[in-house]
S.K.: 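My questions will all concern the structure given below.
Note on naming: letters A, B, ... go to the chains in the order of the sequence lines (proteins, then strands), and numbering restarts at 1 for each one.
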Protein chains: 2
Amino acid sequence: MTTKKSSATREKILETALRLFRKRGFERTTMRDVAKAAGVAVGAAYYYFPSKDALVMAYYERTQANHTTLAREKMSAATSLDGRLRAVLHTKIDTIERDRKLLSALFRSAGDPASELSIFAGKTRRVRDESIALFREALAAEKLPAELESALALALWSLSMGIVLFFIHDESPNHEKTRRLVDRSVETLAPMMPMAPMLAPLGTSVLGVLREVGLA
Amino acid sequence: MTTKKSSATREKILETALRLFRKRGFERTTMRDVAKAAGVAVGAAYYYFPSKDALVMAYYERTQANHTTLAREKMSAATSLDGRLRAVLHTKIDTIERDRKLLSALFRSAGDPASELSIFAGKTRRVRDESIALFREALAAEKLPAELESALALALWSLSMGIVLFFIHDESPNHEKTRRLVDRSVETLAPMMPMAPMLAPLGTSVLGVLREVGLA
DNA sequence: GTCTATAACATGATAGAC
DNA sequence: GTCTATCATGTTATAGAC
């Protein structure tokens, strides 16, 4: 049973860790630093978070929940596909704006089959599906064939991963390069939607490949 | 000046490291293991390779050189776009087939701005450009508009990165899932080439975005 | 079950002797 | 150029207190 005291301790440790990761970066923050700043023993930190990566996983879940809320809010105010895509992508950047130094830790393990943070790992699946669902919602009003909608939602999610990767490396003031990448991407893609039904066989085909190899 | 003795030592260390990485994986091979098996002190290994990642970088350069040779060889025997794309992608997998355990180390640092192995780092640029050039060669006979050819070569390179990422996680016997992913991807894309000129504005547009943010 | 305090261990990396 | 000694840090272990 999770007591109030216990979850308060857990929260304290997570908050402290994220604060230090943001300030000094993931690598340069040690578990000893986190424990000390949170006012607990090293053992307590490991009692709640079995590894340093587990703290990143907790961040990943929390930040996705924030993004979902914020994106839905902004999407409901938009009146076009263009506006909805912009809403999802810009709120994504809003959500992670302060966290450049932290995010590289997430991507570091994304390709590692052994890591729980792997892009294919079961642990990350719920969060990933929640993110893909947002793009599906942005597309919903277009009334596309189901297969095509799924394929496009997946493609847009892939694009968003690429944009986040770019954001991590973006040193421009106010991340204006990333903001521009979002705007130009939407400008390029949204006007193509009328052509989308023509691409329906492609959508089916792509999904077919992904299903065949177990990716969708 | 690089003496014969020195480069022999360097080579011995690299060979030994790759052999151990292949056998036991990157994480589970320590620098102490490498030094011991190569018959040198830990300090000597660090003298030639300033970090464990530097050994991976050396692998990356070497394996790309192998891929370039092999892909050109197979491409020259192919008579269609379909065949040339298959040649480039399958030889890529041929080249890294034994190295699943090693490759995750490469991807691990790909998203980290601080790493020399970053996908945006200057150190990796030559290797990346060499790889993109292969896709350009596969497309050359199609006589596409220059901008479109560049955009497609970049897109195909991105696809190949995705395929390598999938390969790292592919536990199927003989990596048949990856081989199937290659074949189905080519089957899906090659027949669309006749439509490509229609997409020329898209190609220009995409390249425009990438240039604007400094990615191409 | 929730912690503290401390030590120990493995390993990437470095300093300084030779 | 090469080696030995040493450090820093993720993680585990020990031994308990409440």
S.K.: Which whole-number value in Å describes the distance from B:Phe49 CZ to C:dG12 C1'?
M.R.: 16 Å
S.K.: For every nucleotide of nucleotides 4-18 of chain D, 5' to 3': is a protein heavy atom under 4.0 Å from its base (B), only from its sugar-phosphate (S), or from neither (-)?
M.R.: B----BBBB------
S.K.: Would you mind writing out the side-chain donor-acceptor pairs for residues 34-42 of chain B within the sub-3.5 Å range, not counting sequence neighbours?
M.R.:
none

S.K.: Return the value, rounded to whole Å, for the distance between atom CZ of B:Arg108 and atom C1' of C:dG12.
M.R.: 11 Å
S.K.: For A:Asp94 and A:His67, which I'm curious about, is there any donor-acceptor pair between the side chains at under 3.5 Å?
M.R.: no
S.K.: Residues in side chain to side chain donor-acceptor pair (under 3.5 Å) with B:Thr178, at least two apart?
M.R.: B:Asp170
S.K.: Kindly indicate whether a cation-pi arrangement holds for B:Lys101 with B:Phe26, taking the cut-offs as under 6.0 Å to the six-membered ring centre and within 45° of the axis.
M.R.: no
S.K.: Can you spot which of A:Leu152, A:Leu159, A:Asp82 makes a side-chain contact (heavy atoms from CB on, under 4.5 Å) with A:Leu189?
M.R.: A:Leu159
S.K.: Quick one: list whatever passes side chain to side chain donor-acceptor pair (under 3.5 Å) with B:Tyr46, sequence neighbours left out.
M.R.: none
S.K.: In terms of side-chain geometry, is the basic nitrogen of A:Arg125 or A:Glu130 positioned less than 4.0 Å from the acidic oxygen of its partner?
M.R.: no
S.K.: Atom CD1 of A:Ile13 and atom P of C:dT4: how far apart are they, to the nearest Å?
M.R.: 8 Å
S.K.: List in numerical order all residues of residues 109-119 of chain A for which some heavy atom is under 4.0 Å away from an atom belonging to DNA chain D.
M.R.: none
S.K.: Excluding sequence neighbours, so at least two apart, what forms side chain to side chain donor-acceptor pair (under 3.5 Å) with B:Thr16?
M.R.: none
